[in-house]
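Only a predicted model underlies this, so the values are computations on that prediction, with no experimental measurement involved.
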Protein chains: 2
Amino acid sequence: MASARRPTMTDVAREVGVTAKTVSRVLNEEGPVAPETRARVMEVVRRLGYQPNLMARNMRVGARDAAIGLVIPDMGNPFFGTVAGGIESAVRERGLTVIVGSSSETKELERSLVATFLARRVSALLVVPSATGDHRYLRAEREAGLPIVFLDRPAMGLAADCVVSSNREGAREGTAHLIAHGHRRIGFIGDLPATLYTRRERFQGYRDALAQAGLPFDKGLVETGHSAEAAAAAAERLLALPDPPTALFAANNFAATGAVVGLAKAGRKDVALVGYDDLPLAEVLDPPLTVVAQDPAGIGAAAAALVLSRLDGDRSRITKTLVPTRLIPRGSGELRPR
Amino acid sequence: MASARRPTMTDVAREVGVTAKTVSRVLNEEGPVAPETRARVMEVVRRLGYQPNLMARNMRVGARDAAIGLVIPDMGNPFFGTVAGGIESAVRERGLTVIVGSSSETKELERSLVATFLARRVSALLVVPSATGDHRYLRAEREAGLPIVFLDRPAMGLAADCVVSSNREGAREGTAHLIAHGHRRIGFIGDLPATLYTRRERFQGYRDALAQAGLPFDKGLVETGHSAEAAAAAAERLLALPDPPTALFAANNFAATGAVVGLAKAGRKDVALVGYDDLPLAEVLDPPLTVVAQDPAGIGAAAAALVLSRLDGDRSRITKTLVPTRLIPRGSGELRPR
DNA sequence: GTGAAAGCGCTAACAA
DNA sequence: TTGTTAGCGCTTTCAC
């Protein structure tokens, strides 16, 4: 039972007593074919279990692979999973499949994935850039007309389409919400590395809110942690400060999870908290978690729509799409300082 | 700036003044090539930005596509996302890429995804079967030697490798845990459709535990809901029963989330709860959520290992791998009935 | 309505 | 050490 050879179009043709080209015509519903010929072809196709070879077809047609390559940092992160789902369902109806790889947030892996995708001649590239990458190496591809869209974060050193959350405005709104409830010392727990685009933008939003309210910025209130565990420890450190914050702004889903855990461990139900990115159990926490909700499926859908229009020949200017966020007050953000 | 033609191996060869075959030899590090020729080839490759065309290579080599097709029900579900991540990292070092599609739990979509993958001549197929599917249509492929592994749920009507969680034993253990804490009326909230493999297995485990303890089975305590919202409503219905349960077993992550929400809405902190599948915030809930934790990355890794060994020619008998679960007592499962 | 020949980009099997 | 020829499975082009 060693891998049996799959039947080819020629096999089908021989069996029917016609030429490969005729079979091709039937299968692609192209040009005139006698109804009875068509029927006989279909019958043999079924009997032999013939499956057209897409690789061969694409090659001959000179078409690119009917796939789009997607690079995300981490599949297990539901944020990126949902983004990927949004993309997949949007492009599927166009007959495109999605090839994914995860970069684990390293530029080396990202680049090797991109190289694999390019070698496969994918029709388009969708990339969540890794934190420290540089994307000048994609310039030639872009100029050759390959649609490339960056997601969640813009490219570095390359002018290209991108679709991102309204990070800065969302973070500003979340922080302003805390300020509106009387807080003057607000801790910030951000992602790692601190140079990460989303981290920087959200940090700017945080500072915008402070500035708008005329509040001083205290570097000592800024903490960092990439995992929930690290964020929990960060929250505990902030609370242990001599002059601790009365509220926390957690700038991503892991940070929010960690902050909740950290507050719980410290037994502090009096500290206000706003998270960036919603969590499934947010409403049943004690207190229920106030968040700045992102729209991951919307980000995926927007990126997919952009890629499809580029594939359709849209040569208009490069765009930067901001997908809006939404503040959802649930309780934890409305606590007032003691 | 219409899609410029990518340089081919022949373009490189002409530029260097050699034959395509020589370039091929350099790029594949195959056979003897004069060092200076190699250097010149590499230089031109770089200058032209040449990218080998994998489609053409695979076709000529008669090799299948260096990709494995993965069908999952839903990318946004972190359970499947983590499974996918486990697979991807395991196969990447073998130079394989993962092509994913989501079936949305429908057999039609699953089948069309599988057809796409087969047309692409993927090297192997990894499928989380949709709830109601029938997989006899894959028999020919299996017999032709294509490695096919089913995940999370076994195939229907087809003898094939599969990797699943130890659903029945895990559910038995979770339920027995509740019984050990004095509960005699335990509600079951399961997935939809009720014919779903994991739902049936976990339900069996639930009944096993009851039987072992000599407790009666009450059909009225069995509820269903696919989403967290539906599960929350189910929990509320159960609690509103004339003779309500004192404990709940929620048979998947959405059910567990929903049960937590439902109990919170009803203001019931006295009802014991055990969830199947862990949740990120389980430990900070009030009370902290006791779960039967699955090992999604382990499931992915096991499936990947199996596929790789099949690709390496392992023709031994079909296997069914059970990935163990682990009971994590945190509080909600240890509440005693009033 | 159907077929014959050529070729997509690459490599296997030879030969030189 | 390098080149030549042929062909993977399909579609294009043109002929019948």
Enquirer: Rounding to a whole Å, what distance do you find between R14(A):CZ and dG9(D):P?
Expert: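 Distance check: R14(A) CZ to dG9(D) P gives 11 Å.
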
Enquirer: Given atom CG of D65(A) and atom P of dG9(C), what is their separation to the nearest angstrom?
Expert: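 Atom-to-atom, D65(A) to dG9(C), this comes out as 15 Å.
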
Enquirer: Quick one, D312(B) with R94(B), criterion salt bridge (charged side-chain N to carboxylate O under 4.0 Å, His left out). Give me CA distance, side-chain angles, the key distance, then yes/no.
Expert: CA-CA 11 Å; D312(B) 288 340; R94(B) 288 283 290 264; 2.7 Å; yes

Enquirer: Heavy atoms under 4.0 Å, any strand shown: does N28(A) hit a base, just sugar-phosphate, or nothing?
Expert: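 It contacts sugar-phosphate atoms only.
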
Enquirer: Should E141(A) and R121(A) count as an ion pair when the cut-off is N to O under 4.0 Å?
Expert: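 Here E141(A) does not pair with R121(A) in a salt bridge, since their nearest N and O are not under 4.0 Å apart.
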
Enquirer: Closest-nucleotide mapping onto DNA chain C: is G17(A) or R60(A) further toward the 5' terminus? I mean the 5' end.
Expert: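 That would be G17(A).
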
Enquirer: Using five base pairs at each end to define the local axes, how bent is the helix from dG1(C)-dC16(D) to dA16(C)-dT1(D), to the nearest 10°?
Expert: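 The end axes of the helix from dG1(C)-dC16(D) to dA16(C)-dT1(D) are about 30° apart, to the nearest 10°.
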
Enquirer: Given atom CG of L54(A) and atom P of dG9(D), what is their separation to the nearest angstrom?
Expert: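 One finds 14 Å between P of dG9(D) and CG of L54(A), rounded.
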
Enquirer: dG9(C), OP1 or OP2 - any side-chain N/O from Y50(B) closer than 4.0 Å?
Expert: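 For Y50(B), the contact criterion (side-chain N or O under 4.0 Å from OP1 or OP2 of dG9(C)) is not met.
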
Enquirer: Are the side chains of V44(A) and R47(A) in contact, using a 4.5 Å heavy-atom criterion?
Expert: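 Result yes, sub-4.5 Å side-chain heavy-atom pair found.
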
Enquirer: Among dT2(D), dC10(C), dT2(C), which nucleotide has an atom closest to any side-chain atom of P32(A)?
Expert: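 The answer is dT2(C).
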
Enquirer: If I take atom CE in residue M59(A) and atom C1' in nucleotide dT11(C), what distance separates them, rounded to the nearest angstrom?
Expert: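 Atom CE in M59(A) sits about 11 Å away from atom C1' in dT11(C).
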
Enquirer: Here's a test of your reading of the structure: between V33(B) and R121(B), which maps to the more 5' nucleotide of DNA chain D?
Expert: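 Here V33(B) is the residue nearer the 5' end.
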
Enquirer: Walk me through whether S165(A) and Q294(A) qualify under side-chain hydrogen bond (donor to acceptor under 3.5 Å, both in side chains).
Expert: CA-CA 7 Å; S165(A) 224; Q294(A) 298 193 79; 2.8 Å; yes

Enquirer: Measuring to OP1 and OP2 of dC10(C), would you say a side-chain N or O of T10(B) lies under 4.0 angstrom away?
Expert: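 For dC10(C), OP1/OP2 do not have a side-chain N/O of T10(B) under 4.0 Å.
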
Enquirer: Between T319(A) and D161(A), do the side chains contain a donor N or O and an acceptor N or O under 3.5 Å apart?
Expert: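 Indeed, the side chains of D161(A) and T319(A) share at least one donor-acceptor pair under 3.5 Å.
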
Enquirer: Nearest to the side chain of T37(A) - dT11(C), dG9(D), dT2(C)?
Expert: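 The listed nucleotide nearest to T37(A)'s side chain is dT2(C).
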
Enquirer: Applying side chain to side chain contact (heavy atoms under 4.5 Å, CB included) between F117(A) and each of L70(A), V71(A), D65(A), V127(A), report the one that passes.
Expert: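 When L70(A), V71(A), D65(A), V127(A) are each tested with F117(A), the side chain to side chain contact (heavy atoms under 4.5 Å, CB included) holds only for V71(A).
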
Enquirer: Could you state the CD-P distance from E29(A) to dG1(C), rounded to the nearest angstrom?
Expert: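 Rounded to whole Å, this separation is 16 Å.
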
Enquirer: For E110(A) and S103(A): C-alpha separation, side-chain torsions, deciding distance, then whether side-chain hydrogen bond (donor to acceptor under 3.5 Å, both in side chains) applies.
Expert: CA-CA 5 Å; E110(A) 175 196 318; S103(A) 65; 5.4 Å; no

Enquirer: Specify the separation, in whole Å, of atom CZ of R120(A) and atom P of dG9(C).
Expert: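 To the nearest whole Å, that distance equals 18 Å.
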
Enquirer: Please lay out, stage by stage, how E36(A) and R40(A) fare under the test salt bridge (charged side-chain N to carboxylate O under 4.0 Å, His left out).
Expert: CA-CA 6 Å; E36(A) 61 221 292; R40(A) 272 167 43 228; over 6 Å; no

Enquirer: Calculate the interatomic distance between M9(B) atom CE and dG7(C) atom P; express it in whole Å.
Expert: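 Atom CE in M9(B) sits about 20 Å away from atom P in dG7(C).
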
Enquirer: Decide yes or no on salt bridge (charged side-chain N to carboxylate O under 4.0 Å, His left out) for E29(B) and R38(B), but give the supporting numbers first.
Expert: CA-CA 10 Å; E29(B) 303 183 348; R38(B) 142 171 279 104; 5.3 Å; no

Enquirer: Between E30(A) and P35(B), who's closer to the 5' end of DNA chain D by nearest nucleotide?
Expert: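 Closer to the 5' end of DNA chain D: P35(B).
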
Enquirer: Figure out the CZ/C1' separation between R40(B) and dT2(D), and round it to whole Å.
Expert: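 The answer, rounded to whole Å, is 12 Å.
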
Enquirer: Which heavy-atom pair separates E105(B) from A131(B) by the least distance, and what is that distance?
Expert: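 In terms of heavy atoms, the two residues are closest at OE2-N, 3.3 Å.
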
Enquirer: In residues 19-27 of chain A, which ones come under 4.0 Å of DNA chain C, going by heavy atoms?
Expert: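 The answer is T19(A), K21(A), T22(A), R25(A).
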
